[in-house]
**Student:** 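Pasting in a structure now, in structure tokens, and then I'll have a few things to ask.
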Amino acid sequence: LTKAAAWLLLMRIVDMGWTIIPSFQLLNSALLAFCAVAALGLGGIWLALFVDQLKQAPLLPRYEYVMEREALDHA
């Protein structure tokens with residue numbers, strides 16, 4: 001599922017590029033490289049902030065009675 005999600009994300013980026021890039025009349029390789037680096041940089045900053053926030057709040061509650069009860073019932 002992870003590979004499929006990554007593939008869909010990559011193809012969505014290609015699709016958006018395919019739509020947006022032709023609007024630039026004089027698109028040279030330096031501008032394209034700058035746009036790619038800027039997108040990766042902003043994406044990296046967002047990912048770092050997301051992971052930092054994720055570390056501060058657990059995804060699962062610390063104590064869940066229902067989950068503990070089910071584990072005891074199956075043991």
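When a residue number appears, it is its place in the shown sequence, counting from 1. Treat the numbers as computed from the prediction; the structure is a model and nothing was measured.
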**Student:** According to salt bridge (Lys or Arg N to Asp or Glu O under 4.0 Å), does anything in residues 45-56 pair up with another residue at least two apart or in another chain? List the pairs.
**Tutor:** none

**Student:** Show which side-chain atoms of residues 1-16 pair as donor or acceptor with protein atoms under 3.5 Å away, not counting sequence neighbours.
**Tutor:**
| from | atom 1 | to | atom 2 | distance (Å) |
| --- | --- | --- | --- | --- |
| Arg12 | NH1 | Asp15 | OD2 | 2.9 |

**Student:** Which residues satisfy the side-chain contact (heavy atoms from CB on, under 4.5 Å) test with Ile45, sequence neighbours excluded?
**Tutor:** Leu49

**Student:** Once ring pair (Phe, Tyr, Trp, His ring centres under 6.0 Å) is applied, do any residues pair with Trp18, and if so which ones, sequence neighbours excluded?
**Tutor:** none

